[in-house]
Amino acid sequence: MKIVVAYKWARNPQDAEVREDGTVDFGRSRAAVSEYDPVAFEVARRLADATGGEVIGLSVGDTSIGTSLARKAALSRGLDRLVLVADDALADADSTRLAAVLAAAVRTIEDVDLVIAGESSTDLAEGQVPLTLAAGLGWTGLAGICDVGVADEVVTVRRDLPDRRQTLLLDGPAVLSVTADAVVPRIPGMKEILAAAKKPVQVLDHASLDVTPVGAAGEASFEVLSTSRPADGTRRRVLIDGADPDTAAAGLVAALRTIGAM
Amino acid sequence: MNDPIQTCVVVAGDPAVSNLTEIARSASGHTLAVVVGPRTVADAIAGAGVHEVVWCGEPAEETPVEAYAPEVARLVTRSAPRIVVGAATPAGRALLGAVAAATGAAVLSGITAVRVEDGRVVVDQERYGGIAGRTLAVTSGPAVLAVDPGTPVVAGDAVTPVAPVTPVTVTPRDGVRITGTEPRTHDTVDLARARVVVGIGRGLKEQADLALIEDLAAALGAEIACSRPLAEGSGWVGKERYLGISGQRIAPELYLAIGISGQLQHMAGVRDARTVVAVNSDKNAPVFGRCDYGVIGDLYRIVPALTTTLKA
Ligand SMILES: Cc1cc2nc3c(=O)[nH]c(=O)nc-3n(C[C@H](O)[C@H](O)[C@H](O)COP(=O)(O)OP(=O)(O)OC[C@H]3O[C@@H](n4cnc5c(N)ncnc54)[C@H](O)[C@@H]3O)c2cc1C
Ligand SMILES: Nc1ncnc2c1ncn2[C@@H]1O[C@H](COP(=O)(O)O)[C@@H](O)[C@H]1O
């Protein structure tokens, strides 16, 4: 099977600073492979190994996704090769735009059986890109997949809905997004990181991709009127030393009773 | 410009869409619901204050909601809506993704309000796990909104006329089939109703140590919740109990975060708690910047002391 893993090179908002005016400064936060995407790499590797196939990493974003650090971070996690669309024009692209560019890239790879993605990205955390991508490709799109199996080239997947567990059989190409607990991803060692430097990387030219249909030809479909910082600074932040647990517990309970929290 | 705003609510097999119909109502125009799922779902939506229901017919047992995505996109775009609202769930997002791919519009998530100003659709949105907010005016294509679904809708009062349900013949995509369904026993805990909630995180060393947390919860009359790694990593606590941007959001009177570092993805789930207490052995844990009272100490010593004090 030929499997593409869509992964994001993303920053964690945990380390971002939200300014007074609501704009977000990601300056202090370092980009990394999006937190749950290694699960997708691992699922893909196991499927490919079981069927004698290939795993191709695919990422779309600004030029930072093409640095040697970023390439190695992905390639050391069980990929055979990498395809990138790196263009600063994609820096703040919304999920529809990202999905449209990903779809165009998947079409250039050709004969892809399956695209596997993470459940939600570290930065936007919407869980939307894989499903919009599926629609763009005209493929089946399923999210929340916690198990993927293959027998005789036929893929079956499982997902847990609130009240039932469902097994589905795919008989066509599909985009799957896998849950964080689908498998435990391998942690790359020195050997994998060294090998990563030798694996092929293909950089596709954004401008020459056939990015269809997207009515708004790459422009955002909205205008930002204002930004804001949600009120969150209203906590008391009283710290209690717990060196003596009994005193700390008594102090905490007394404080909670005083403010009527208990 | 003076035509009423046309809103489409897309329903992905599940009648739990109270927030979707509410968003549609706040745009105060004409609302069309496109329903995938059994007739009972279409009927429930028809009584919940929408004007018209288009129903995709009784689904075959083997056909998942997602197989309807292309047809839903067709039905939605045909009515040229200004606003499309769907559930921020896997199936809901599959339907919204099809609308997005067909129209080029972005799917906007984290929506807190929608209104029409000077003929433009304006939405308030939270991003990056709720750390930042922004207000957008949609300039082209429909406003496609992914909304936390809410509770099941029930037919409204007598004032709300029941909307007509029009069945349409659609062909779901093949390429995927449901081949098995098993009931899943899950915890029916209602964290949303609990006044006091104790959340436990990776500070817990072993599953057996949950007993400590259960004792504390009993002394407080609290429900137990957790951070994501305890539900989806170790699996020590049920998935129904984790809090945060991907889990549940609650607003109890009191929330105690025990052995939880306080990453924003977790804390977003308790932002509306009235009082937040943290117990953590690392004085630099981010949770101490987001709590009302923080005890710096080992949970294995603090929690039993707390339980004893409460019982006294
Ligand atoms: C897209 C995305 C979505 C996410 N969604 C969610 C979500 O919905 N909910 C969620 O919870 N997380 C979510 N996360 C994960 C989140 O970022 C954190 O990784 C997670 O919340 C950390 O859980 P934790 O605090 O239990 O573990 P850790 O961060 O490992 O923290 C454990 C804490 O326990 C303390 N500790 C250790 N031993 C003791 C002791 N003996 N006594 C007291 N304290 C002790 C440590 O000091 C530490 O602060 C998401 C992440 C991403 C990228
Ligand atoms: N720019 C991107 N390039 C490649 N894959 C992406 C990109 N953005 C999102 N994805 C994939 O889609 C998943 C969900 O992302 P999101 O919809 O942003 O939450 C991620 O975990 C990735 O697998």
Side-chain angles (χ1 to χ4, degrees), chain A residues 13-14 18 22 24 94-96 120 123 125-128 131-132 135-136 140-144 160 162-172 180-181 213-216 221-230 232 235-242 245-246 248-250 252-253 255 261-262, chain B residues 64 66 69 90 93-94 97-98 100-101 103-107 109 126 128-141 173 175-184 186 232-233 245-246 253-254 263-264 271 275-276 288-297 301-302 305-306 309-310:
Chain A
Q14 172 72 27
V18 186
V24 182
D94 60 55
S95 58
T96 302
S120 65
D123 51 3
E126 294 180 332
Q128 186 62 56
L131 295 164
T132 309
T140 297
L142 299 172
D160 290 344
D163 59 339
R164 60 194 191 280
R165 164 167 291 183
Q166 212 175 50
T167 313
L168 303 105
L169 184 146
L170 302 175
D171 34 37
D181 57 352
V214 193
S221 53
F222 52 80
E223 174 193 335
V224 179
L225 301 179
S226 63
T227 57
S228 60
R229 183 161 76 175
D232 193 20
R235 301 274 172 218
R236 290 180 177 79
R237 297 193 211 167
V238 176
L239 294 188
I240 299 169
D241 181 358
D246 294 329
L252 176 64
V253 171
M262 284 178 33
Chain B
E66 287 86 347
R93 286 188 179 280
T103 59
V107 178
S109 302
E126 285 180 354
Y128 307 124
I131 58 167
R134 63 182 191 179
T135 299
L136 311 172
V138 176
T139 49
S140 69
R173 150 204 318 293
V176 60
R177 254 175 317 126
I178 299 171
T179 52
T181 307
E182 298 163 42
R184 198 162 82 90
H186 70 291
E232 288 198 340
I245 56 169
S246 346
E253 287 291 309
L254 177 61
Q263 303 287 315
L264 74 92
R271 201 177 63 193
T275 302
V276 174
F288 288 132
R290 296 194 164 96
C291 68
D292 293 288
Y293 297 95
V295 181
I296 305 165
R301 300 181 65 217
I302 305 295
L306 210 48
T309 310
L310 286 164

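Proteins come first, then strands; the chains are lettered A, B, ... in the order of their sequence lines, and each starts at number 1.
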Taking Thr96(A) for its side chain and Ala105(B) for its backbone only, find out whether a donor-acceptor pair lies under 3.5 Å. yes

Just give me the residue among Thr139(B), Leu306(B), Asp292(B), Ile178(B) that pairs up with chain A most often, heavy atom to heavy atom, under 4.5 Å. Asp292(B)

Taking atom CD of Gln14(A) and atom CD1 of Ile131(B), what is their separation to the nearest 0.5 Å? 8.5 Å

Interchain contact, Val224(A) with chain B, by part (heavy-atom threshold 4.5 Å): both

Heavy atoms of Asp123(A) and Tyr128(B) approach each other most closely as O-CD2, 3.2 Å

Please classify the contact of Arg177(B) with chain A as side chain, backbone, both or neither, using a heavy-atom distance under 4.5 Å. both

Ranking Ala135(A), Ala249(A), Ser95(A), Ala250(A) by heavy-atom pairs under 4.5 Å to chain B gives rank one to Ala249(A)

Report which part of Leu254(B) has an atom under 4.5 Å of a heavy atom belonging to chain A: side chain, backbone, both, or neither. side chain

Where on Thr309(B) is there a heavy atom nearer than 4.5 Å to chain A: the side chain, the backbone, both, or neither? side chain

Under a 4.5 Å heavy-atom cutoff, which of Ala132(B), Ala137(B), Ala100(B), Ser109(B) has the most pairs with chain A? Ala137(B)

Using modelled atom types only, decide if a donor and an acceptor are shared between the side chain of Gln128(A) and the backbone of Arg93(B) within a distance under 3.5 Å. yes

Can you tell which of Ala98(B), Ala305(B), Pro64(B) has the highest number of heavy-atom pairs within less than 4.5 Å of chain A? Ala305(B)

Whatever's closer than 4.5 Å to a heavy atom in chain A on Ala106(B) counts as both

Name the option with the most non-hydrogen atom pairs under 4.5 Å to chain A; the candidates are Glu253(B), Arg173(B), Arg134(B), Arg301(B). Arg173(B)

With only heavy atoms counted, which part of Ile245(B) is less than 4.5 Å from chain A, the side chain, the backbone, both or neither? side chain

Closest approach of Leu136(B) and Phe222(A), non-hydrogen atoms and distance? CD2-CD1, 3.8 Å

Of all of Gly22(A), Ser228(A), Ala143(A), which one pairs up most often with chain B through heavy atoms under 4.5 Å apart? Ser228(A)

Out of Val238(A), Ile240(A), Asp241(A), which one pairs with Val295(B) under the side-chain contact (heavy atoms from CB on, under 4.5 Å) rule? Ile240(A)

If I compare all heavy atoms of Cys291(B) with all of Arg235(A), which pair ends up nearest, and what's the gap? O-CB, 3.3 Å

Donor-acceptor check, side chain of Gln166(A) to backbone of Thr181(B), threshold 3.5 angstrom: yes or no? no

At a heavy-atom distance under 4.5 Å, which candidate from Thr132(A), Thr167(A), Leu131(A) has the highest pair count against chain B? Thr167(A)

Which heavy atom in Ala261(A) sits nearest to a heavy atom in Thr275(B), and how many Å separate them? CB-OG1, 3.8 Å

The interface call for Leu170(A) against chain B, heavy-atom contacts under 4.5 Å, is both

Can you say whether Ala255(A) sits under 4.5 Å from chain B via the side chain, the backbone, both, or neither, judging by heavy atoms? both

Among Gly141(B), Ser246(B), Ala69(B), Gly294(B), single out the residue with the greatest number of heavy-atom pairs under 4.5 Å to chain A. Gly294(B)

Shortest non-hydrogen contact from Glu232(B) to Ala180(A)? OE1-CB, 3.6 Å

Contact summary for Gly289(B) and Arg237(A), nearest pair of heavy atoms: O-NE, 3.1 Å

